[in-house]
Amino acid sequence: MAATVVAGCGSTPETMKQPAASPGATAANAKPFAGKTISLVAANHPWADAIKPLLPDFEKETGIKVNVESFFEDQLTQKLTVQFTSGSATPDVFMYRPLQEGKLFYKNGWVQPLDDYAQKAKDYDFADFAKSAVGSTTVDAKLAGIPIITEQEILYYRKDLLQKAGIAVPKTLDELQAAVKKLHDPKNEMYGFVARGQRSPLVTQVSSFLYSEGADFTNGDKATINTPEAIKAFTTYGTLLKDYAPPGVLNMSWPQAFGIFAQGKVAFLTDANSLYKNATDPAKSQIADQVGFAAIPAGKAGSKPYSITSWGLAMNAKSGNKDATWAFIQWATSKDIVLKTQQKGNPGARASVWDKPEGTTGFPADLVPIIKESSKNGVDHDRPTVISVGEARDAVGEIVQKLMTGETNIQPVADKANAALQAIMDKDKTK
């Protein structure tokens with residue numbers, strides 16, 4: 001028999017008495033949750049598209065009926081917030097963005113900590129999940145969700161341009177700046193570098209520059225975006241965009257940055273690995289066969305990209321079917337199912353799946369080692385981990401935008417932003 005479903009927090013004596021069996025149990029009559037129905041609220045996301053066709057197998061093996069509703073991201077957050085605020089017992093399980101709303105959901109008591117379930121589930125092998133991925137779904141030392149989609153920041157580059165110019169793939173931020181400068185030729189509509197320049201969207205991408213210089217948004221209860229290391233990181237990112245990016249970069253998020261890179265007008269781009277098809281799909285990209293991938297170039301502290309859980313699965317703290325809900329989460333994040341969803345191009349969090357050749361078939365062969373390397377040395381957040389995420393991102397983004405618009409002395413700007421971030425953090429404590 002495969003993994004055992006273990007009752008955890010919120011279990012009743014009745015559920016504890018149910019036969020020990022897993023979602024993958026093979027015994028013909030092993031249906032410990034026969035007649036149970038649970039509700040899943042999912043995002044309109046490729047992972048949900050991959051899991052839905054597999055649900056009949058889960059339902060057949062466990063006797064659990066899964067009702068699924070899907071929404072666009074903003075609609076999803078709005079629906080969950082409304083239902084949880086009203087104390088609803090549904091949905092039982094839901095997709096969520098740990099670094100965007102995880103802290104808010106946890107602080108409000110809307111999610112069920114899963115530590116006992118995950119640690120005690122036989123054969124689940126929770127240690128197989130990447131440490132950084134689990135870090136993203138952890139709030140106040142409690143496991144608020146299970147990772148399902150991971151993401152790292154990487155460097156995209158034009159292989160043909162580097163080869164023609166005799167430039168090696170940059171290993172350090174200094175080498176990146178030198179290569180960008182050499183390949184920048186705006187008179188011929190060739191720009192050295194592009195990345196997100198919009199105030200809020202840029203924050204997640206500048207984070208890897210911060211970490212690689214030995215900085216972070218916060219240190220314990222203190223905001224730290226005005227330290228010398230942080231200033232250096234912001235200056236590097238902001239100067240690359242100010243001096244070597246295409247016109248209009250101040251208003252670019254990832255669609256615009258990838259769009260101009262795919263048109264063959266930029267040598268280097270930094271952004272999420274999960275978006276690689278925007279550069280490599282011939283239907284979207286004029287340079288699809290010339291795109292290279294590399295780890296984020298190293299700063300003073302080495303190469304430290306963000307390596308996060310962009311989507312997780314969480315359990316409603318008020319669910320009346322917690323053991324059945326955990327059975328679904330355990331199945332959906334098991335090695336076998338992660339393998340199947342990852343083969344569809346959904347980057348999971350299990351190291352064992354990444355180590356299997358069949359687990360990497362959904363990705364370019366030269367991207368796989370970059371993903372594996374980045375997940376091992378990456379940082380588990382790509383923005384300040386606060387409840388008021390939007391306010392915090394605006395505060396940080398202001399520093400880089402001032403640089404991009406010509407501000408030469410950004411220390412006062414960073415000091416002001418740091419004070420704003422500190423106020424946001426202090427406000428969180430009172431919530």
Quiz item: Could you walk me through whether Tyr124 and Trp331 pass the ring pair (Phe, Tyr, Trp, His ring centres under 6.0 Å) check?
Solution: CA-CA 9 Å; Tyr124 183 54; Trp331 167 81; over 10 Å; no
Quiz item: Any idea how Phe209 and Tyr237 line up, ring-wise: parallel (<30°), tilted (30 to 60°), or perpendicular (>60°)?
Solution: perpendicular
Quiz item: Going by an N to O cut-off under 4.0 Å, is there a salt bridge joining Lys372 and Asp355?
Solution: yes
Let me have the donor-acceptor pairs involving side chains of residues 213-220, under 3.5 Å, with sequence neighbours excluded, atom names and distances please.
residue : atom : partner : partner atom : Å
Glu213  : OE1  : Lys300  : N            : 3.2
Asp216  : OD1  : His381  : NE2          : 3.0
Asp216  : OD2  : His381  : NE2          : 3.2

Self-check item: Thr236 side chain near Gln177 side chain, heavy-atom distance below 4.5 Å
Solution: yes
Self-check item: Closest contact, heavy atoms only, Thr224 versus Asn418
Solution: N-OD1, 3.2 Å
Quiz item: When the ring centroid of Phe328 is compared with that of Phe58, is the distance short of 6.0 Å?
Solution: yes
Exercise. Dump the intermediate steps for side chain to side chain donor-acceptor pair (under 3.5 Å) on Gln163 and Lys159, then the final yes or no.
Key: CA-CA 6 Å; Gln163 186 175 12; Lys159 291 188 285 189; over 6 Å; no
Quiz item: Taking the side chain from Ser208 and the backbone from Pro305, do they hold a donor-acceptor pair closer than 3.5 Å?
Solution: no
Quiz item: What heavy-atom pair brings Glu373 and Ala295 nearest, and what distance separates the two atoms?
Solution: OE2-CB, 3.9 Å
Quiz item: Do Asp271 and Gln205 pass the side-chain contact (heavy atoms from CB on, under 4.5 Å) test, and can you show the C-alpha distance, the side-chain angles, and the key distance before you say yes or no?
Solution: CA-CA 6 Å; Asp271 213 296; Gln205 307 312 305; 3.8 Å; yes
Quiz item: Would you say the side-chain atoms of Asp128 and Ser352 include a donor-acceptor pair closer than 3.5 Å?
Solution: yes
Quiz item: Is the closest side-chain heavy-atom distance between Pro147 and Trp311 below 4.5 Å?
Solution: no
Quiz item: Should we count NZ of Lys52 as having more than 12 external heavy atoms under 6.0 Å?
Solution: yes
Quiz item: Say you draw a straight line from OG1 of Thr138 to NZ of Lys103; how long is it, rounded to the nearest 0.5 Å?
Solution: 12.0 Å
Quiz item: Taking atom types as modelled, is there a side-chain donor on Ser39 or Asp92 under 3.5 Å from an acceptor on the other?
Solution: yes
Self-check item: Steps toward side-chain contact (heavy atoms from CB on, under 4.5 Å) verdict (Met95, Ile148)
Solution: CA-CA 9 Å; Met95 286 178 65; Ile148 52 174; 4.1 Å; yes
Self-check item: Thr150 side-chain N/O to Ala349 backbone N/O, donor-acceptor pair under 3.5 Å
Solution: no
Quiz item: Is the closest side-chain heavy-atom distance between Ser132 and Ile308 below 4.5 Å?
Solution: no
Exercise. Look at Lys107 together with Asp140 and state whether they make a salt bridge at an N to O cut-off of under 4.0 Å.
Key: yes
Quiz item: So do Leu339 and Gln342 actually touch side chain to side chain, heavy atoms under 4.5 Å?
Solution: no
Practice problem: Answer yes or no: is there a donor N or O on one side and an acceptor on the other, between the side chain of Asn316 and the main chain of Lys318, under 3.5 Å? | Solution: yes
Quiz item: Do the non-hydrogen side-chain atoms of Leu313 and Val93 ever get within less than 4.5 Å of each other?
Solution: yes
Practice problem: Provide the closest heavy-atom pair for Ser207 versus Tyr306 in the form atom of the first, atom of the second, distance. | Solution: OG-CD2, 3.3 Å
Quiz item: Would Glu398 and Arg199 pass as an ion pair if we require N to O under 4.0 Å?
Solution: yes
Practice problem: Calculate, to the nearest 0.5 Å, the distance between atoms CD and OG belonging to Gln152 and Ser274 respectively. | Solution: 8.5 Å
Quiz item: Atom CG of Leu269 and atom CZ of Arg196: how far apart are they, to the nearest 0.5 Å?
Solution: 9.5 Å
Quiz prompt | Heavy-atom closest contact (Phe261 atom, Ala267 atom, distance) | solution = CE1-O, 3.8 Å
Quiz item: Do the side chain of Asp428 and the main chain of Ile387 share a donor and acceptor less than 3.5 angstrom apart?
Solution: yes
Quiz item: Does Gln78 CD have over 12 foreign heavy atoms under 6.0 Å away?
Solution: no
Quiz item: Within the distance-only criterion (no hydrogens, no angle test), does the side chain of Arg383 pair as donor or acceptor with the backbone N or O of Arg393 below 3.5 angstrom?
Solution: no
Quiz prompt | Polar side-chain atom of Ser307 near backbone of Gly378 as donor-acceptor pair, under 3.5 Å | solution = no
Quiz item: More than 12 non-hydrogen atoms from neighbouring residues, nucleotides or ligands closer than 6.0 Å to CD on Gln75, yes or no?
Solution: yes
Practice problem: Could you tell me whether a side-chain N or O of Glu73 sits under 3.5 Å from a main-chain N or O of Ala43, the two making a donor and an acceptor? | Solution: no
Practice problem: Of all the heavy-atom pairs spanning Thr77 and Glu101, show the shortest one and how long it is. | Solution: OG1-OE1, 3.0 Å
Quiz item: With side chains defined as the heavy atoms from C-beta onward, is the minimum distance between Asp125 and Arg350 less than 4.5 Å?
Solution: yes
Quiz prompt | Leu183 and Phe268: CA distance, side-chain angles, deciding distance, side-chain contact (heavy atoms from CB on, under 4.5 Å) verdict | solution = CA-CA 9 Å; Leu183 293 174; Phe268 292 98; 3.8 Å; yes
Practice problem: Please step through ring pair (Phe, Tyr, Trp, His ring centres under 6.0 Å) for the pair Trp354 and Phe363, ending with a clear verdict. | Solution: CA-CA 11 Å; Trp354 281 107; Phe363 303 87; 5.1 Å; yes
Practice problem: Check whether any side-chain N or O of Ser388 sits under 3.5 Å from a backbone N or O of Glu391 as a donor-acceptor pair, and report yes or no. | Solution: no
Quiz item: Roughly how far, to the nearest 0.5 Å, is OG1 of Thr90 from CD1 of Ile38?
Solution: 12.0 Å
Quiz prompt | Spacing of NZ belonging to Lys322 relative to CG belonging to Leu114, to within rounding of 0.5 Å | solution = 10.0 Å
Practice problem: Classify the angle between the aromatic ring planes of Phe84 and Phe105 as parallel (below 30°), tilted (30 to 60°) or perpendicular (above 60°). | Solution: perpendicular
Quiz item: Within the distance-only criterion (no hydrogens, no angle test), does the side chain of Asn346 pair as donor or acceptor with the backbone N or O of Trp47 below 3.5 angstrom?
Solution: yes
Quiz item: Does Tyr156 have any ring-ring contact (aromatic ring centres under 6.0 Å, His included) partners at least two apart in sequence or in another chain, and if so, which?
Solution: Phe258, Phe293
Practice problem: Please report the C-alpha distance between Ile154 and Ile296 in whole Å, then the side-chain angles of each, then the deciding distance to 0.1 Å, and finally whether the side-chain contact (heavy atoms from CB on, under 4.5 Å) criterion is met. | Solution: CA-CA 5 Å; Ile154 63 170; Ile296 281 293; 5.6 Å; no
Quiz prompt | Within-4.5 Å side-chain heavy-atom neighbours: Pro91 and Leu40 | solution = no
Exercise. Could you tell me the separation between the OH atom of Tyr276 and the CG atom of Asp281, rounded to the nearest 0.5 Å?
Key: 9.5 Å
Self-check item: Student check: side-chain heavy atoms of Leu202 and Gln401 closer than 4.5 Å
Solution: yes
Practice problem: Give the C-alpha distance, both sets of side-chain angles, the deciding distance and a yes or no for salt bridge (Lys or Arg N to Asp or Glu O under 4.0 Å) between Lys344 and Asp49. | Solution: CA-CA 9 Å; Lys344 297 290 186 181; Asp49 295 338; over 6 Å; no
Exercise. Grab the two heavy atoms, one from Val203 and one from Pro384, that are nearest each other, plus how far apart they are.
Key: CG1-CD, 4.2 Å
Practice problem: Taking Thr309 for its side chain and Ala133 for its backbone only, find out whether a donor-acceptor pair lies under 3.5 Å. | Solution: yes
